[in-house]
Amino acid sequence: MLKKITLLLLFSFISSYAQNGAHSTTSRVSRLFVSQDETKFLTLSGTEIVLWDNITNQMIWMKKLSDLGLGNEILHDPIVGVDPYLKYMVLTNKMSYRKLVNLTNFTTTPWSYYTYDFVNDGRIAVMDYDFSKKNSNTAYLLNLDTGQKELIADKMSDLRVIGNGKFVKIFYNNKTVSDYNDDKTKVYEMSTKSFNKSKFDWRILDNNFTSGNLTATYSYGAKSITTTDAQGKQITNFTVKNPVTGSMENNKTHLFYVSETQPHAYFLEQDSNKPNEKLSYLYLYDIINGNVVKRIELHDTSESAKLISEKEIGKQRQIEAENQRIFNLPENVLKRRLSNLQGNAYYNTNTKGIYYVVPNKPLYQGDLVRMDALNDSPKLKMEVYEKIETLENPSIYKKIISRKSCTYCNGKGSISNSYTRTAADYEYTTGKKLVETTTHTNSCGNCGGCGLVPVFN
């Protein structure tokens, strides 16, 4: 009987700690998503998406990113969001695409928004943009099943989903450029469908997570979790064994997950003993005592899988080399230089004029950039051109964040000076006095004649 129990415990230990995973060793696993009911979890590497059964610790399905229309290159540092039911994924490679992936039928469609975070009921927070003036955007909650949108805020600047999807933080920009430290904010609460008016410091939710009547606080610097009870008394403090390091750590989202109902903390980790190998693991910790409940190997490290990965890595190196060659072509370098200028406004230190570089316009005659010479009177705006080398010279053209009317000339662009004198005095002979008035009009020396002055910060 004792022998049977020993074998059973050994089998249980092996099932939790020694599975051979599913991801290829082409790249590390970079994102982790756990379903709301904790029955499944999803992992994303640079080449695959894998859905796992969190009960049996076995793979349910695996899809190559290339098979989903997400390109043939390794996805190194994406922005990704997955709903709490693991039905949808939105992601961007920050360069060539933004995509919505249906994880139930594996269809991929373009994603027209620039937001990627879901709220706790499965909808995603999105914005309709209006760049005509600040605080002109509109925030919605979009249901991807039905396509319906619920308005939550208008005349706003930006949004962030916080607190495990239970809140949406709305920003109202105070300055000409976005500065989150100075922005006004309101917090929309999902449970009440209204704005929370408390004076709670919402930044606390960045690293504090509620799990039942416990609070787990994660220290990004110390790589440790401190668990406290409802009265704030510390129960335990423990260090995460092999936390993700390097570039992936810069995006602190979706590297770990704290359950709201069970005393569980899931962490995406890597093998610190083999830093040169792309091996990733899922660790499940008990936040009451810090013990490891289970450890799942996420990569397939079999010899046959390694051979396939080596071939894939060879292909990727060829693709990357070709992409680098195309990237460095003179015409593409010139396009990037132009793109860096377009959509910005500049102040000419010689003429004191203010110019807007018009987006989506190609170079004229090889090196001339299409600009608008701005004026306080929109009717006087003119189409002009400047050499790209001159426009890139910061001693001539200084980038500005905004402009305002010149106070010297009240936006007219010119200043008039008038004076009068007595030209001849005929009062004693004809009863008339001849007075001459002279008016001089000069271009305003403060604004160069455009009626505008720059705002640099």
Side-chain angles (χ1 to χ4, degrees), residues 22-23 29-54 59-71 75 77-129 138-152 158-169 188 190-191 193 251-260 266 268 282 298:
H23 285 280
V29 176
S30 62
R31 299 292 185 270
L32 165 70
F33 302 90
V34 181
S35 66
Q36 203 168 61
D37 61 5
E38 289 186 75
T39 59
K40 300 179 181 66
F41 65 92
L42 190 82
T43 52
L44 171 70
S45 71
T47 49
E48 304 99 12
I49 303 172
V50 179
L51 182 67
W52 304 78
D53 188 313
N54 198 26
M59 177 186 73
I60 297 173
W61 54 254
M62 178 177 68
K63 290 293 178 181
K64 293 281 187 183
L65 297 183
S66 56
D67 294 338
L68 295 171
L70 301 176
L75 191 62
D77 187 26
I79 300 175
V80 190
V82 175
D83 76 286
Y85 306 106
L86 309 187
K87 298 193 312 183
Y88 296 100
M89 171 184 283
V90 288
L91 77 164
T92 176
N93 63 353
K94 301 180 183 178
M95 294 178 63
S96 60
Y97 65 74
R98 302 189 309 276
K99 298 289 186 180
L100 166 65
V101 181
N102 186 316
L103 297 173
T104 56
N105 59 20
F106 307 113
T107 56
T108 302
T109 53
W111 180 241
S112 58
Y113 299 98
Y114 292 86
T115 52
Y116 301 89
D117 288 329
F118 290 81
V119 292
N120 61 353
D121 66 2
R123 292 180 292 175
I124 185 168
V126 298
M127 283 193 299
D128 285 343
Y129 295 92
T138 307
Y140 300 92
L141 295 178
L142 172 63
N143 187 320
L144 292 175
D145 289 331
T146 64
Q148 292 181 333
K149 291 196 298 186
E150 177 188 347
L151 174 69
I152 59 172
D158 205 353
L159 62 82
R160 289 179 184 173
V161 176
I162 59 176
N164 263 359
K166 291 182 288 188
F167 307 96
V168 183
K169 195 172 186 179
Y188 182 85
M190 291 297 300
S191 61
K193 294 188 176 183
N251 184 345
K252 294 184 174 66
T253 58
H254 313 313
L255 296 178
F256 62 90
Y257 173 83
V258 178
S259 170
E260 293 189 347
Y266 296 79
L268 188 60
L282 178 139
L298 301 175

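Model, not experiment: these values are computed from the prediction. These values consider heavy atoms only, across backbone and side chains, with no hydrogens, waters or symmetry-generated copies.
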Decide yes or no for Val90 and Tyr113: does some side-chain heavy atom of the first lie under 4.5 Å from some side-chain heavy atom of the second?
no
For Tyr97, does its backbone N or O pair with a side-chain atom of Thr92 as donor and acceptor, under 3.5 Å?
yes
With rounding to the nearest 0.5 angstrom, report the CG to CE distance, Leu68 to Met89.
9.0 Å
Separation between CD1 (Ile60) and CG (Leu51), nearest 0.5 Å, reads 4.0 Å
Let's go through Asn164 and Asn120 carefully: what are the C-alpha distance in whole Å and the side-chain angles of both, what is the deciding distance for side chain to side chain contact (heavy atoms under 4.5 Å, CB included) to 0.1 Å, and is it a yes or a no?
CA-CA 7 Å; Asn164 263 359; Asn120 61 353; over 6 Å; no
Taking every heavy atom of Phe118 against every heavy atom of Pro84, the minimum-distance pair comes out as CB-CD, 4.2 Å
Verdict with supporting geometry, Leu141 and Met190, side chain to side chain contact (heavy atoms under 4.5 Å, CB included)
CA-CA 10 Å; Leu141 295 178; Met190 291 297 300; 3.7 Å; yes
Hey, mind stepping through Asp83 and Ile124 against side chain to side chain contact (heavy atoms under 4.5 Å, CB included) and telling me if it holds?
CA-CA 8 Å; Asp83 76 286; Ile124 185 168; over 6 Å; no
Can Arg98 be said to sit on top of Tyr114's aromatic six-ring, NZ or CZ under 6.0 Å from centre and within 45° of the ring axis?
yes
In this structure, are over 12 heavy atoms from other groups packed under 6.0 Å from Glu150 atom CD?
yes
Sequence neighbours excluded, the answer for side chain to side chain donor-acceptor pair (under 3.5 Å) partners of Ser191 is Glu189
Calculate, to the nearest 0.5 Å, the distance between atoms CG and CG belonging to Asn54 and Leu42 respectively.
12.0 Å
Taking side chain to side chain donor-acceptor pair (under 3.5 Å) as the definition, give me every residue that meets it alongside Asp37, ordered by chain and number, with sequence neighbours left out.
Ser35, Thr39
To the nearest 0.5 angstrom, please state how far the OH atom of Tyr257 sits from the CD atom of Glu38.
5.5 Å
Answer with yes or no whether the side chains of Tyr88 and Asp145 bring together a donor and an acceptor at under 3.5 Å.
yes
Looking only at heavy atoms, what is the nearest atom pair of Val29 and Thr43, with distance?
CG1-CB, 3.8 Å
With a 4.5 Å cut-off on side-chain heavy atoms, are Asn93 and Pro78 touching?
no
Kindly give the heavy-atom pair with the smallest separation between Leu65 and Ser45, and that separation in Å.
CD1-O, 3.9 Å
Please step through side chain to side chain contact (heavy atoms under 4.5 Å, CB included) for the pair Gln36 and Tyr85, ending with a clear verdict.
CA-CA 6 Å; Gln36 203 168 61; Tyr85 306 106; 3.4 Å; yes
Side-chain contact test, heavy atoms from C-beta onward, threshold under 4.5 Å: evaluate it for Leu159 versus Thr115 and give yes or no.
yes
If we check side chain to side chain contact (heavy atoms under 4.5 Å, CB included) with Leu44, which of these qualifies: Val80, Leu32, Leu268, Val50?
Val80
Beyond-backbone contact of Leu142 with Leu144, side-chain heavy atoms, under 4.5 angstrom:
yes
Is any side-chain heavy atom of Ile79 less than 4.5 Å from a side-chain heavy atom of Lys94?
yes
Tyr188: which residues meet the ring pair (Phe, Tyr, Trp, His ring centres under 6.0 Å) condition with it, sequence neighbours left out?
Phe195
Has Lys40 got more than 12 heavy atoms of other residues, nucleotides or ligands less than 6.0 Å from its NZ?
no
Parallel, tilted or perpendicular: ring planes of Phe41 versus Trp52, cut at 30 and 60 degrees
parallel
Nearest non-hydrogen partners of Ala22 and Met62, listed with the distance:
O-SD, 3.4 Å
According to side chain to side chain donor-acceptor pair (under 3.5 Å), who are the partners of Thr138, at least two apart in sequence or on a separate chain?
none
Measure the shortest side-chain to side-chain distance between Arg31 and Val82 over non-hydrogen atoms and say whether it is less than 4.5 angstrom.
no
Please list, chain by chain and in numerical order, all residues satisfying side chain to side chain donor-acceptor pair (under 3.5 Å) with Lys169, sequence neighbours excluded.
none
Asn143 side, atom CG; Asp121 side, atom CG - distance, nearest 0.5 Å:
8.0 Å
If you measure from CG on Leu151 to CG on Asp128, what distance do you get to the nearest 0.5 Å?
9.5 Å
Can you check whether Asp158 reaches Met127 side chain to side chain, under 4.5 Å on heavy atoms?
yes
Just jot down the ring pair (Phe, Tyr, Trp, His ring centres under 6.0 Å) partners of Phe106, sequence neighbours excluded, or say none.
Trp61
